[in-house]
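One structure below.
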Amino acid sequence: MKLINGFDLMDYAKERGLILPAFNTTNMELTYGIVKGLSEAGLPGYVQISSNNLRLSNPYIIADLVRDATKNCDVPIGLHLDHGKSFKDVKECVDAGFTSIMVDMSALPFEENMIESKKAADYCHLYHVPVEVELGALKGKEDDIVSDDNAKTNPSQVPIFVEGTGCDTLAVAVGNVHGLDLKPHIDIPLLEEIRKVSKVPLVLHGGSGIPKEVIWECKKHNLVKINYGSDLRRAFIGVFGRAYEANYDEFDVIHLSLEAVDAVAEKAKELVTMINER
């Protein structure tokens with residue numbers, strides 16, 4: 001199955017009552033592991049990569065990897081830009097064939113965030129690519145960027161922001177955090193408030209560490225997508241770390257890389273199954 005358009009992927013999930021996991025990749029092994037895990041689970045989701053992690057490759061390389069990984073795949077999979085930090089990154093990813101985009105201008109003041117997000121959304125919509133925007137700020141570490149911000153999404157700003165950006169999904173800050181160093185404390189009543197005033201489905205970043213029961217509760221409030229990065233990266237890095245600790249002269253890269261693909265696939269399969277158990 002070829003990569004699926006982001007609008008079609010969300011429709012597919014909605015029709016079946018599913019939450020879409022978005023798994024962060026950085027390289028070939030993570031990419032193939034994510035696709036393998038979704039395929040084995042028989043459930044849809046996204047491979048995603050952030051602007052920050054594109055420093056290791058470029059949008060065209062990642063798009064080619066995902067197209068190759070999904071060519072014999074029987075489940076719908078999208079390719080998503082996570083935390084797109086500039087219009088340039090957004091444009092390059094759309095041009096490379098990404099099927100979904102997040103533009104993250106949440107560090108800017110509200111009005112600027114809205115203006116810059118709309119500029120990106122307008123470009124993406126020319127190519128029928130859906131756009132996710134972010135309102136609020138998450139504490140913790142995203143890639144190698146550490147944030148001390150903990151500004152929860154303000155429900156009173158949501159209708160203005162959604163209308164002003166023309167977005168298709170909204171990433172919210174409701175006590176979710178980036179990374180594994182902090183514990184998430186999801187504010188369900190706040191999520192419910194946001195859902196009532198948002199015309200678009202909601203997205204949670206920082207899925208690692210959120211209990212499945214909480215995710216199931218979030219699903220009742222129009223949650224369509226949840227992001228996972230740390231869990232998969234830990235599975236990937238652990239393979240090489242254990243091998244090195246066992247033998248400081250270890251050099252069998254291909255064997256360890258194949259093992260890492262399987263470790264990532266197992267974690268991705270576990271997570272996509274968990275969030276869709278009910």
Name each donor-acceptor pair under 3.5 Å that joins a side chain in residues 11-22 to protein atoms two or more places apart or in another chain, with its distance.
unit_1, atom_1, unit_2, atom_2, d
R16, NH1, Y12, O, 3.2

- Could you please spell out the steps behind the side chain to side chain contact (heavy atoms under 4.5 Å, CB included) verdict for N222 and S198? CA-CA 9 Å; N222 206 17; S198 176; over 6 Å; no
- Please report the C-alpha distance between R233 and T26 in whole Å, then the side-chain angles of each, then the deciding distance to 0.1 Å, and finally whether the side chain to side chain contact (heavy atoms under 4.5 Å, CB included) criterion is met. CA-CA 9 Å; R233 289 165 180 164; T26 306; 4.3 Å; yes
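- In terms of heavy-atom proximity, G97 sits nearest to L3 at O-CD1, 4.4 Å.
- L56 and M28 end up in different hydrophobic clusters when Ile, Leu, Val, Met, Phe, Trp and Tyr side chains are linked at under 4.5 Å.
- T153 contributes a side-chain N or O that, together with a main-chain N or O of L135, makes up a donor-acceptor pair within less than 3.5 Å.
- For the pair N113 and M105, the tightest heavy-atom approach, listed with the atom from each and the gap, is CG-O, 3.3 Å.
- Two different hydrophobic clusters hold Y60 and F87 under the rule that ILVMFWY side chains link at heavy-atom gaps under 4.5 Å.
- In this structure, V253 is not a member of the same hydrophobic cluster as L258, with clusters built from ILVMFWY side-chain heavy atoms closer than 4.5 Å.
- In terms of heavy-atom proximity, A41 sits nearest to T273 at CB-OG1, 3.9 Å.
- Within 6.0 Å of CD on E250 lie more than 12 heavy atoms contributed by other residues, nucleotides or ligands.
- Side chains of L54 and C93 form a contact here, defined as non-hydrogen atoms less than 4.5 Å apart.
- Nearest heavy atoms, A63 versus F98: CB-CE1, 4.3 Å.
- Of the possible donor and acceptor atoms, one in the side chain of T70 sits under 3.5 Å from a partner among the backbone N and O of V66.
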Let me have the donor-acceptor pairs involving side chains of residues 29-38, under 3.5 Å, with sequence neighbours excluded, atom names and distances please.
unit_1, atom_1, unit_2, atom_2, d
E29, OE2, S257, OG, 3.3
T31, OG1, T25, OG1, 2.7
T31, OG1, N27, O, 2.7
Y32, OH, D68, OD2, 2.5
K36, NZ, D262, OD1, 2.4

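- Using a 4.5 Å heavy-atom threshold, the side chains of I186 and I210 count as touching.
- By the 4.5 Å heavy-atom criterion applied to side chains, F161 and L170 are counted as neighbours.
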- Message: Before you tell me yes or no, could you show the steps for N53 and N24 under side-chain hydrogen bond (donor to acceptor under 3.5 Å, both in side chains), namely the whole-Å CA-CA distance, both residues' side-chain angles and the distance that decides it to 0.1 Å?
- Response: CA-CA 9 Å; N53 277 354; N24 282 90; over 6 Å; no
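- Taken together through direct or relayed side-chain contacts under 4.5 Å among Ile, Leu, Val, Met, Phe, Trp and Tyr, I115 and V133 form parts of separate hydrophobic clusters.
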- Task: Dump the intermediate steps for side-chain hydrogen bond (donor to acceptor under 3.5 Å, both in side chains) on S50 and N52, then the final yes or no.
- Result: CA-CA 5 Å; S50 68; N52 186 57; 5.0 Å; no
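- Atom CD1 of residue I215 and atom CD1 of residue I226 lie 4.0 Å apart, to the nearest 0.5 angstrom.
- Contact of the K225 side chain with the M102 side chain is not registered, since no non-hydrogen atoms from C-beta on lie closer than 4.5 Å.
- Contact check for R234 versus D231: side-chain heavy atoms found under the 4.5 Å cut-off.
- Between I49 atom CD1 and D82 atom CG the span is 9.5 Å, to the nearest 0.5 Å.
- Atom CG of L43 sits about 10.5 Å away from atom CD1 of I77, to the nearest 0.5 Å.
- Shown here for L204 and C218, the closest heavy-atom pair between the two residues is CD1-SG, 3.9 Å.
- With a 4.5 Å cut-off on side-chain heavy atoms, N58 and E92 do not count as touching.
- Nearest approach of A173 to L190, heavy atoms of both residues: O-CD2, 4.1 Å.
- A salt bridge does not link K119 to D122: none of the charged side-chain nitrogens sits closer than 4.0 Å to a carboxylate oxygen.
- In this structure a side-chain-to-backbone donor-acceptor pair under 3.5 Å is missing from T165 to M114.
- Side-chain contact check for R195 versus L202: some heavy-atom pair is nearer than 4.5 Å.
- Of the inter-residue distances, the one linking N154 atom CG with F110 atom CZ reads 8.5 Å to the nearest 0.5 angstrom.
- Judged purely by atom type and a 3.5 angstrom limit, S86 uses its side chain to pair as donor or acceptor with the backbone of D89.
- Ion pairing between a basic and an acidic side chain is recognised when a charged N comes within 4.0 Å of a carboxylate O; E266 and K269 show no such pairing.
- Between I101 and Y127 there is no side-chain heavy-atom pair separated by less than 4.5 Å.
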- Message: Between Y123 and D95, does the side-chain hydrogen bond (donor to acceptor under 3.5 Å, both in side chains) criterion hold? Intermediate values first, please.
- Response: CA-CA 11 Å; Y123 183 81; D95 295 350; 2.7 Å; yes
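- Once rounded to the nearest 0.5 Å, the distance linking CD of E277 with CH2 of W216 reads 4.5 Å.
- Cluster membership for I254 and I237, using ILVMFWY side-chain heavy atoms within less than 4.5 angstrom, is not shared.
- Within the structure, the side chain to side chain donor-acceptor pair (under 3.5 Å) test picks out the following pairs touching residues 96-105 (sequence neighbours left out): H80-S100, H83-D104, K85-D104, D104-S106.
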- Query: Could you walk me through whether R242 and E245 pass the salt bridge (Lys or Arg N to Asp or Glu O under 4.0 Å) check?
  - Reply: CA-CA 5 Å; R242 288 188 296 272; E245 288 298 321; over 6 Å; no
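- Atom CZ of residue F7 and atom NE2 of residue H125 lie 4.5 Å apart, to the nearest 0.5 angstrom.
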